[in-house]
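Input: a single structure, listed below in structure tokens.
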Amino acid sequence: MKKLFATERRQLILDILRDKKRVTVKDLANDVNVSEATLRTDLNILEDEGLLTRTHGGAILNEEQLPPKKSFSEREKKNRKSKITIAKKAINLVDHKDCILLDASTTTLELARLLAESNKQITVVTNGLSQAIELKENPVINVILIGGIIRMGSMGIEGLLGSSILNQINIDKMFTSASGFTIEEGLTDFNVYEVELKRKMVEKSNKIIALLDNTKIGTSSIASFATTEEIDTLVVDHELTPEIRTELDTRGIKVL
């Protein structure tokens, strides 16, 4: 097995726990191909996140803390009306000749569908296979697909294999969604494979525009890919609480 990054390794640990429910440190260390000392560190971090419980010599999955595994098509159908509402607001932030970045979320897929029917002459960089397919037939849109790894059940390219392309392009605006958003943790996601690439995307983009339906606000997931301070605009489908709105105003974040 190739050497994994820490985020990839912890995702693999969770995947194994999903299947086995309970594991020993010794067996898990062999499965993940790391030392028992490294594995214990990973288990402690995942326990701090509330995703598992350490036992004598092993660990047990906290299944109630994990979102159920859903296919891309299942996630695409969830809250679709809200996602379309958000996309209709977000398309007004795309200007002629912009170079924009779309992540592989189902919310940016709705934005891609609107852009595909528009006459906006833009360049779109994306790690989303569905986004690229929607956009490729529009003759005035240049589509650049980031290379990398595709996992079963996903329509997003993950990992940093193709991320060097981001060093060669000036990204005006990144449109992204997330599993959750809080003031303290910023934008978070459960898929740690994709989070690694999304952090790189955030780093290389001039503006970050977060597209969040009402189920995302006030919740957080396993890993952060953008701090609140890195966000320029939030596009939402409902009014935010006065407390959150005040915090965002204080940080100079625009809300649509």
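What you see is a predicted model; the values in this text were computed from it and never measured. When reading the values below, keep in mind they use all heavy atoms of this one structure, side chains included, and skip hydrogens, waters and symmetry mates.
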L234 versus I253, closest heavy-atom pair with distance
N-CG2, 4.2 Å
If you measure from CG on L111 to CG on L135, what distance do you get to the nearest 0.5 Å?
8.5 Å
Under a 4.0 Å threshold between the charged nitrogen and the carboxylate oxygen, would D31 count as salt-bridged to K20?
yes
Please check: side-chain N/O of T108 versus main-chain N/O of D103, any donor-acceptor pairing under 3.5 Å?
yes
Decide yes or no on side-chain hydrogen bond (donor to acceptor under 3.5 Å, both in side chains) for D27 and T24, but give the supporting numbers first.
CA-CA 5 Å; D27 288 344; T24 66; 3.2 Å; yes
Say you draw a straight line from NZ of K88 to CD of E110; how long is it, rounded to the nearest 0.5 Å?
10.0 Å
Would you say E47 and T53 are linked by a side-chain donor-acceptor pair, where the criterion is simply a distance under 3.5 Å?
no
Side chains of T233 and V255 in contact at under 4.5 Å (non-hydrogen atoms):
no
Taking 4.0 angstrom as the limit, do E203 and R199 come out as a salt bridge?
no
Spell out, as yes or no, whether a donor-acceptor pair under 3.5 Å connects the side chain of S205 to the backbone of I208.
no
Salt bridge (charged side-chain N to carboxylate O under 4.0 Å, His left out) assessment of E117 paired with R113
CA-CA 7 Å; E117 299 298 324; R113 286 171 173 151; over 6 Å; no
Quick check: are there more than 12 heavy atoms from other residues, nucleotides or ligands sitting under 6.0 Å from CZ of R54?
yes
Should E229 and R251 count as an ion pair when the cut-off is N to O under 4.0 Å?
yes
Do E134 and L109 touch side chain to side chain, with heavy atoms closer than 4.5 Å?
yes
Spatial distance of atom OG1 (T41) from atom CG (L46) [nearest 0.5 Å]
11.0 Å
Taking the basic N atoms (NZ, or NE/NH1/NH2) and the acidic carboxylate oxygens, is any pair closer than 4.0 Å for K83 and D213?
no
So, taking the atom named CG in L14 and the one named CG in L52, what distance separates them when rounded to the nearest 0.5 Å?
6.5 Å
V125 side chain reached by C99 side chain, heavy atoms, under 4.5 Å
yes
Going from CG on L145 to CG on L129, what distance comes out if it is rounded to the nearest 0.5 angstrom?
6.0 Å
Residue pair S82 / T85, side-chain donor-acceptor N/O under 3.5 Å
no
Euclidean distance, N119 CG relative to N138 CG, rounded to 0.5 Å:
8.5 Å
Cationic N near anionic O, under 4.0 Å, D189 to K198
yes
Quick check on the hydrophobic clustering: are I146 and F175 connected, directly or via other members, by side-chain heavy-atom contacts under 4.5 Å?
no
Please determine if K173 and D232 form a salt bridge, counting it only when a charged side-chain N lies under 4.0 Å from a carboxylate O.
no
Any idea which heavy atoms bring T182 and S220 closest together, and the distance?
CG2-CB, 4.3 Å
If we only count heavy atoms from C-beta on, is the I13 to L28 side-chain gap below 4.5 Å?
yes
Less than 4.5 Å apart, side chain to side chain, heavy atoms only: is that true for K136 and V124?
no
Between N206 and N170: side-chain donor-acceptor atoms closer than 3.5 Å:
yes
Do T38 and R9 have side chains that approach each other closer than 4.5 Å (heavy atoms only, starting at C-beta)?
yes
Non-hydrogen side-chain atoms of K204 and I169 separated by less than 4.5 Å:
no
I want to check something: taking the side chain as every heavy atom from C-beta on, are E158 and N127 in contact at a cut-off of under 4.5 Å?
no
